[in-house]
Amino acid sequence: MDHSTPSVHLGPIVIDLTILSMSLLTVLLAFGFIFWASRKMTLKPVGKQNVLEYAYEFVYGVAKGNLGETYARKYLLFLFSLFMFLLIGNNIGLVTKLESGSGENLWMSPTANMMFDFGLSLIVTVVCHVEGVRQRGFKAYLKGFVTPAYMTPMNIIEEFANFLSLALRLYGNIFAGEVLIGLLVQLSQAHVLWQPISFLLTVLWIAFSVFVSCLQAYVFTMLTSLYLGNKVNGHGH
């Protein structure tokens, strides 16, 4: 399955135009939904407001368990934005399959790209460490990281493992889902007799992939709040 995408080169930097456009589209969809659902809010939520408040309270519940009530409210906007981005970004590639005349992939989930997921994981890692220093002070934060001294190498390995697992878990699940959908589409094109079977399998797999994509949005957000909680509260070392 060909996953080449259009790109431009700015010196040594390669910009993937598909990932860039799909990331922007995901942000616009997330912002658009939140803006639309938060218009004309009432004391008794109904319809779209109900969905928005449920998602907000869901993320708050996840954050509260890992951060505590005070920090959960402090970082709720960050975690909610992350959750909404992943919820839409993980599923957007399941909507359709779009290729250029030369076979370049024009439509995919941004989180189905390994480098994108590593970038997202790096942002989370940096935010967690920066907030840990900001909330506890540099000396207290560093002391917690290197005390006892013999555990310092293990702490460094743990941080690196957290960074890798956060990215690879997301990438593996989303990428695998889109690869299989692409294979099922190719199967339907092989022969007309395969089309009913391919259609049924595609519908079933998309339903399962939506479940997995939503689950991965939850897992990524939950682990982010867990790592953040360890840093700002001084746990985990």
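Residues take their numbers from the sequence shown, with the count starting at 1.
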Review point. So, for G93 and S109, which heavy atoms are closest and what is the spacing to 0.1 Å?
Key: N-OG, 2.8 Å

Review point. Taking a hydrophobic cluster as the set of Ile, Leu, Val, Met, Phe, Trp and Tyr residues connected by side-chain heavy atoms closer than 4.5 Å, whether directly or through intermediates, do F199 and I181 fall within one such cluster?
Key: no

Check your understanding: In the single-linkage hydrophobic clustering (I, L, V, M, F, W, Y; side-chain heavy atoms under 4.5 Å), do M114 and F163 co-cluster?
Key -> yes

Review point. Partners of S7 by side-chain contact (heavy atoms from CB on, under 4.5 Å), sequence neighbours excluded?
Key: H9, V14

Review point. What distance separates Q135 CD from K231 NZ, expressed to the nearest 0.5 Å?
Key: 14.0 Å

Check your understanding: When clusters are formed by joining ILVMFWY residues with side-chain heavy atoms under 4.5 Å apart, either directly or through shared neighbours, do F160 and Y171 land in the same one?
Key -> yes

Review point. For L24, what are the other residues in its hydrophobic cluster, where any two members join if their side-chain heavy atoms are less than 4.5 angstrom apart?
Key: V8, L10, I13, I15, L17, L20

Point to revise | Distance, nearest 0.5 Å, that separates CG of D117 from CG of L122 | key: 12.5 Å

Point to revise | Candidate pair N113 and F175, rule side-chain contact (heavy atoms from CB on, under 4.5 Å), full reasoning | key: CA-CA 7 Å; N113 179 277; F175 178 73; over 6 Å; no

**Study point:** Side chain proximity check, L228 to Y71, heavy atoms < 4.5 angstrom
**Key:** no

**Study point:** Atom pair CG (L82) and OG1 (T224), whose distance is rounded to the nearest 0.5 Å
**Key:** 5.0 Å

Donor-acceptor pairs are to be reported for all side-chain atoms of residues 212-223 against protein atoms at under 3.5 Å, with residues two or more places apart or in another chain.
residue: S213; atom: OG; partner: N90; partner atom: O; Å: 3.3
residue: S213; atom: OG; partner: S209; partner atom: O; Å: 2.8
residue: T221; atom: OG1; partner: A217; partner atom: O; Å: 2.8

Review point. Passes side-chain contact (heavy atoms from CB on, under 4.5 Å), T125 versus N162? Steps please.
Key: CA-CA 9 Å; T125 301; N162 289 342; over 6 Å; no

Exercise for review: With sequence neighbours excluded, give me every salt bridge (charged side-chain N to carboxylate O under 4.0 Å, His left out) pair touching residues 139-156.
Suggested key: none

**Study point:** Partner residues of Y75 under the ring-ring contact (aromatic ring centres under 6.0 Å, His included) criterion, sequence neighbours left out
**Key:** none

Review point. If you look only at pairs with a residue in residues 10-23, which of them pass as a side-chain hydrogen bond (donor to acceptor under 3.5 Å, both in side chains), with sequence neighbours excluded?
Key: T5-D16

Check your understanding: Is there a path of hydrophobic side-chain contacts, each under 4.5 Å between heavy atoms of I, L, V, M, F, W or Y residues, that connects L180 with L204?
Key -> no

Below 3.5 Å, can you tabulate the donor-acceptor pairs from side chains in residues 32-39 to any protein atom, sequence neighbours excluded?
residue: S38; atom: OG; partner: I34; partner atom: O; Å: 2.7
residue: S38; atom: OG; partner: F35; partner atom: O; Å: 3.2
residue: R39; atom: NE; partner: F35; partner atom: O; Å: 2.9

Practice item. Identify, with sequence neighbours excluded, every residue that meets side-chain contact (heavy atoms from CB on, under 4.5 Å) alongside S81. Key: L77

Check your understanding: So, for L52 and F80, which heavy atoms are closest and what is the spacing to 0.1 Å?
Key -> CD1-CZ, 3.8 Å

Point to revise | Partner set under side-chain contact (heavy atoms from CB on, under 4.5 Å) for Q49, not counting sequence neighbours | key: M41, T42, P45, E53

**Study point:** ring-ring contact (aromatic ring centres under 6.0 Å, His included) partners for W107, two or more places apart
**Key:** none

Point to revise | Distance-minimising heavy-atom pair for Y227 and S165 | key: OH-OG, 4.2 Å

Check your understanding: Under a single-linkage definition using a 4.5 Å side-chain heavy-atom cutoff for Ile, Leu, Val, Met, Phe, Trp and Tyr, are F208 and V210 assigned to the same hydrophobic cluster?
Key -> yes

Exercise for review: Could I get the full list of salt bridge (Lys or Arg N to Asp or Glu O under 4.0 Å) partners for R134, not counting sequence neighbours?
Suggested key: E131

Revision key, fill the gap. For I88, the side-chain contact (heavy atoms from CB on, under 4.5 Å) test, sequence neighbours excluded, returns T26, L29, A30

Exercise for review: I would like to know whether V62 and F58 meet side-chain contact (heavy atoms from CB on, under 4.5 Å); could you show each step before the answer?
Suggested key: CA-CA 6 Å; V62 172; F58 174 76; 4.3 Å; yes

